Amino acid sequence: AKVETDVEHTLSSMRVDDSHQSNVSNDVTSSLEVLTAPLPETASTIFGPAVDLGSQSGFIPAMYQRRFPGLTWYPTDLPSYPIENKWNDGTPGCVGVGFTKKVLSLFADYYAARNEPEMGQPFKEMAADDRVRVVDVLEPEWKHVADLEGKCQVVTCSNILQMKALESPQMWRQIMLGASRLLKVG
């Protein structure tokens, strides 16, 4: 019950109202089907690292992990900084990678409590493997993913595209330059 309360709080903070919470997984799965439709059938057989820029909750890269199990997804976000709001368990709230890590753990616990291990596995892996990395897309160098340079099969930025689509061209330039350094040639 405690886990569900925290997850419900998290979902509502991500602007998912109560009437849609039960459909979040279905909505994301449907969205992923649309987003991945142009990819060739062989995309599900690709192996290697993949980076999601600006992951926030980590929900989207976790769903990508389910769709493309051969890829090892690395959610990213800004460095953590505290906010005034607290989690239901009393721990200080935060945004950035601290938020991402907390939410990944909450979703893993949530799906475990609901006896849905297939849904929870990507969240559990990302939270436990310490795959959440700091990336400020406005910075010219992304030192926390430098070990992935030239190795990534895929780089996505779904949340950034959704939330910051009208930002300055400089932001998109930095994203394209950074992604080009991460992507594997060929």
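The first residue of the sequence shown is numbered 1, and numbering continues consecutively from there. Computed from a predicted structure; not experimentally measured.
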query: Below 4.5 Å, heavy atoms only, C-beta onward: do Glu149 and Val145 meet side chain to side chain?
result: no
query: Side chains of Trp142 and Thr76: closer than 4.5 Å at any heavy-atom pair?
result: no
- request: Output the distance between atom CH2 (Trp172) and atom CG (Leu177), rounded to the nearest 0.5 Å.
  value: 13.5 Å
- prompt: With the 4.5 Å side-chain cut-off for hydrophobic clustering, are Leu148 and Met176 part of the same group?
  reply: no
task: Check whether any side-chain heavy atom of Phe99 lies under 4.5 Å from a side-chain heavy atom of Ser57, and answer yes or no.
output: yes
- prompt: Roughly how far apart are Gln170 CD and Ile175 CD1, rounded to 0.5 Å?
  reply: 10.5 Å
field: For the student: nearest non-hydrogen atoms of Val97 and Ser80, plus distance
entry: CG2-OG, 3.4 Å
Contact summary for Gly54 and Asn159, nearest pair of heavy atoms: O-CB, 3.1 Å
- request: Drop me the distance from Asp147's CG to Tyr74's OH, to the nearest 0.5 angstrom.
  value: 6.5 Å
query: Under 4.5 Å between side-chain heavy atoms, hopping through other hydrophobics if needed: is there a path connecting Met63 to Ile46?
result: yes
- request: Could you tell me the separation between the CZ atom of Phe123 and the CG atom of Asp109, rounded to the nearest 0.5 Å?
  value: 11.5 Å
Pairwise side-chain contact, Arg131 with Glu125, heavy-atom cut-off 4.5 Å (strictly under): yes
- prompt: Any chance the side chains of Ser55 and Asp77 put a donor and an acceptor closer than 3.5 Å?
  reply: no
message: Quick check on the hydrophobic clustering: are Phe47 and Met126 connected, directly or via other members, by side-chain heavy-atom contacts under 4.5 Å?
response: no
- prompt: Would you say the side chain of Asn115 lies within less than 4.5 Å of the side chain of Pro117, judging by non-hydrogen atoms?
  reply: yes
- prompt: Minimum heavy-atom separation for Cys152 to Val51, with atom names?
  reply: SG-CG2, 3.7 Å
- prompt: Minimum heavy-atom separation for Gly48 to Gln153, with atom names?
  reply: CA-CG, 4.2 Å
- line: When rounded to the nearest 0.5 Å, the distance separating CZ of Phe68 from OG1 of Thr45 is 10.5 Å
message: Applying side-chain contact (heavy atoms from CB on, under 4.5 Å) to Met171 and Ile160, what does each step give before you reach the verdict?
response: CA-CA 10 Å; Met171 180 187 70; Ile160 293 175; 4.1 Å; yes
- request: Evaluate the ring planes of Phe107 and Tyr110, with Trp represented by its six-membered ring, and classify them as parallel (under 30°), tilted (30 to 60°) or perpendicular (over 60°).
  value: perpendicular
Pro49 versus Leu71, closest heavy-atom pair with distance: O-CD2, 4.4 Å
query: In terms of side-chain geometry, is the basic nitrogen of Arg181 or Glu141 positioned less than 4.0 Å from the acidic oxygen of its partner?
result: no
- prompt: So Tyr64 and Trp73, would you call those rings parallel, tilted or perpendicular, with 30° and 60° as cut-offs?
  reply: parallel
message: With clusters defined by side-chain heavy atoms of hydrophobic residues (ILVMFWY) lying less than 4.5 Å apart, directly or transitively, does Val132 cluster with Val134?
response: yes
query: Out of curiosity, Met119 CE to Arg66 CZ, how far, rounded to the nearest 0.5 Å?
result: 5.0 Å
query: Cluster question for you: counting only ILVMFWY and a side-chain heavy-atom cut-off of under 4.5 Å, with indirect links fine, are Val135 and Leu183 together?
result: yes
